[in-house]
Asker: 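For reference, the structure I am asking about is given below.
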Amino acid sequence: MKSFCIFTNSAKDPGLVFTGEVRKELERLGASVTYDTSEKYECLIVLGGDGTMINAVRSVPGEKVVFVGINIGHLGFLSPVEKSEFREALAALVNDEFEIETRMMIEAGTDDESGEFAALNDVVINRIGYSGMITSNVFVNGSLVNTYFADGVIISTPTGSTGYNLSAGGPVVTPEAELMVITPICPHSLNMRSVVVGYRDRIEVVLDLSRLSEQNYAIMSIDGQKRAELGHEARVRVRCSERKVRMVRFSNKDFFKLLYMKLGDQMYK
């Protein structure tokens, strides 16, 4: 690739010092560089952490652009390149020494909201406050799958499986899989486990908030950002999106190597 755009979380790069280093290195390698996401380019280089990558995906629609992250945040699971490795990674990008993996997104909508919200990681339905539980009746293709008595429920993509889903006890899924994971948050019963459904399936979550003792509503978040307040008997519908996201994968940073590097022994305790 010879044309790049740099998308930076300025809070993590004060004065855009590192951003300038990345630009100079790309230009030294003979590539063209812009900061304007509306221009034409082949690759968007995202400088930040996972939140920055998610914001970049939201800001730059379309499947022609390839995304790659350089981690200057905390965990940076969506950013396989560490700051200390950026020169080697940029050389590999310019010399086409990489692979591209395609990742799915999901869409969520409610009866009270117009349109649908797209998520790269997950759709989360959470209670508000500390008292009471949410009863989530989960349907797949019209059939009741389970009733979760819990703090809420997560509907995750394979990309998001290593995020909140993993913290809630859900399974890790390889990023190019095409499926959705439904995981309860702090379920009241130990036999309430995750459910994995297919790419073409349709999920509906019907809420019973009668157990909440303080607030009478819940929150739906899309990739960690609040999107809607949900009342009693609200319905949230989730399906796989037609949009795909293309991300760079380097041969020395395949999924399982990255998984172990980021999470280490935590995965196997």
Side-chain angles (χ1 to χ4, degrees), residues 1 3 5 7 37-46 50-69 77-80 98-125 138-143 145 153-165 170-183 194-206 220-228 230 234-249 255:
M1 293 187 288
S3 57
C5 180
F7 186 103
T37 58
S38 66
E39 293 185 7
K40 290 185 178 180
Y41 48 88
E42 297 171 274
C43 179
L44 187 72
I45 299 176
V46 180
D50 287 352
T52 311
M53 177 62 78
I54 289 170
N55 288 336
V57 169
R58 290 183 181 281
S59 302
V60 185
E63 296 185 17
K64 293 184 178 180
V65 174
V66 178
F67 294 81
V68 63
F77 207 93
L78 296 178
S79 303
F98 60 88
E99 297 177 353
I100 294 176
E101 60 186 22
T102 302
R103 302 192 181 201
M104 57 167 278
M105 298 182 71
I106 55 178
E107 296 177 348
T110 68
D111 292 333
D112 298 330
E113 295 287 332
S114 59
E116 292 182 313
F117 304 107
L120 176 63
N121 266 7
D122 51 38
V123 174
V124 178
I125 300 168
V138 178
F139 297 83
V140 175
N141 302 327
S143 296
V145 173
V153 65
I154 305 163
I155 301 171
S156 169
T157 67
T159 297
S161 71
T162 54
Y164 196 2
N165 167 74
V172 173
V173 181
T174 53
E176 290 184 283
E178 294 190 334
L179 51 83
M180 294 174 282
V181 182
I182 306 167
T183 299
S194 299
V195 175
V196 179
V197 301
Y199 182 83
R200 292 180 176 82
D201 289 327
R202 298 290 186 266
I203 299 169
E204 184 175 46
V205 182
V206 182
M220 180 178 74
S221 299
I222 307 295
D223 284 341
Q225 299 180 5
K226 175 184 171 182
R227 289 299 180 183
L230 305 173
R235 295 173 180 266
V236 177
R237 289 177 291 274
V238 182
R239 63 178 182 177
C240 292
S241 172
E242 293 183 0
R243 184 187 173 190
K244 307 288 185 180
V245 178
R246 300 195 304 159
M247 293 189 174
V248 166
R249 178 174 61 202
F255 175 70

Asker: So how far is it from F7 CZ to I45 CD1, rounded to the nearest 0.5 Å?
Answerer: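 Separation between the atoms: 13.5 Å.
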Asker: Which pair of non-hydrogen atoms, one from R58 and one from A118, has the smallest distance, and what is that distance?
Answerer: NH1-O, 3.3 Å
Asker: Which is it for N165 and T183 under the side-chain hydrogen bond (donor to acceptor under 3.5 Å, both in side chains) test, yes or no, and what are the steps along the way?
Answerer: CA-CA 7 Å; N165 167 74; T183 299; 2.6 Å; yes
Asker: Would you say the side chain of N55 lies within less than 4.5 Å of the side chain of Q225, judging by non-hydrogen atoms?
Answerer: yes
Asker: What distance separates S194 OG from I154 CD1, expressed to the nearest 0.5 Å?
Answerer: 8.0 Å
Asker: What's the verdict on salt bridge (charged side-chain N to carboxylate O under 4.0 Å, His left out) for D201 and R239, showing C-alpha distance, side-chain angles and the deciding distance?
Answerer: CA-CA 7 Å; D201 289 327; R239 63 178 182 177; over 6 Å; no
Asker: Do the non-hydrogen side-chain atoms of V46 and V68 ever get within less than 4.5 Å of each other?
Answerer: no
Asker: Decide yes or no for M53 and F67: does some side-chain heavy atom of the first lie under 4.5 Å from some side-chain heavy atom of the second?
Answerer: yes
Asker: Find out whether F255 and R249 are in side-chain contact, i.e. whether some heavy atom of one side chain is under 4.5 Å from a heavy atom of the other.
Answerer: no
Asker: Short question: side chain of D122, backbone of G160 - any donor-acceptor pair under 3.5 Å?
Answerer: no
Asker: Using the salt bridge (charged side-chain N to carboxylate O under 4.0 Å, His left out) definition, which of the options E178, E101, E176 pairs with K244?
Answerer: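 Running salt bridge (charged side-chain N to carboxylate O under 4.0 Å, His left out) over E178, E101, E176 with K244 returns exactly one hit, E178.
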Asker: Using a 3.5 Å distance criterion without hydrogens, assess whether the side chain of T157 forms a donor-acceptor pair with backbone atoms of L120.
Answerer: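 Confirmed, T157 side chain pairs with L120 backbone.
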Asker: Find the distance between CG (N121) and OG1 (T159) and round it off to the nearest 0.5 Å.
Answerer: 6.5 Å
Asker: Please step through side-chain contact (heavy atoms from CB on, under 4.5 Å) for the pair V248 and E99, ending with a clear verdict.
Answerer: CA-CA 6 Å; V248 166; E99 297 177 353; over 6 Å; no
Asker: Evaluate side-chain contact (heavy atoms from CB on, under 4.5 Å) for M105 paired with V245, printing each intermediate quantity in order.
Answerer: CA-CA 8 Å; M105 298 182 71; V245 178; 3.6 Å; yes
Asker: Taking the side chain as C-beta and beyond, is there a heavy-atom pair between P171 and V181 under 4.5 Å?
Answerer: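 Contact flag for P171/V181 side chains = yes.
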Asker: Is there side-chain contact between M104 and M180, with heavy atoms separated by less than 4.5 Å?
Answerer: yes
Asker: Check whether D50 reaches the backbone of L78 with its side chain - one donor and one acceptor, N or O, closer than 3.5 Å.
Answerer: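 At least one qualifying donor-acceptor pair exists.
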Asker: Would you check, one step at a time, whether the test side-chain contact (heavy atoms from CB on, under 4.5 Å) holds for V238 with V205?
Answerer: CA-CA 8 Å; V238 182; V205 182; 5.7 Å; no
Asker: In Å, rounded to the nearest 0.5 Å, how long is the span from OG of S3 to CD of E39?
Answerer: 10.0 Å
Asker: Compare every heavy atom of P158 with every heavy atom of P175, then report the nearest pair and how far apart it is.
Answerer: O-CB, 3.8 Å
Asker: Measure the shortest side-chain to side-chain distance between V138 and V195 over non-hydrogen atoms and say whether it is less than 4.5 angstrom.
Answerer: no
Asker: Is a donor on one side and an acceptor on the other found under 3.5 Å between the side chain of R237 and the backbone of R202?
Answerer: no
Asker: Does the side chain of V123 reach to within under 4.5 Å of the side chain of I203, using non-hydrogen atoms?
Answerer: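 No, their side chains stay 4.5 Å or more apart.
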Asker: Are F139 and V145 close enough, and set up right, to give a side-chain contact (heavy atoms from CB on, under 4.5 Å), and what steps lead you there?
Answerer: CA-CA 5 Å; F139 297 83; V145 173; over 6 Å; no
Asker: Once you round to the nearest 0.5 Å, how far does OG1 of T110 lie from CD of E204?
Answerer: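 It comes to 11.0 Å.
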Asker: Tell me the closest heavy-atom pair linking V206 and R235, and the distance in Å.
Answerer: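 Closest pair (atom of V206, atom of R235, distance): CG2-NH1, 3.4 Å.
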Asker: Enter the distance from C43:SG to R246:CZ here, rounded to the nearest 0.5 Å.
Answerer: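 The CZ atom of R246 is 9.5 Å from SG of C43, to the nearest 0.5 Å.
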Asker: For the residue pair S241 and E107, what are the closest heavy atoms and their distance?
Answerer: OG-OE2, 3.1 Å
Asker: Without swapping roles, check the side chain of S161 against the backbone of V172 for a donor-acceptor pair under 3.5 Å.
Answerer: no
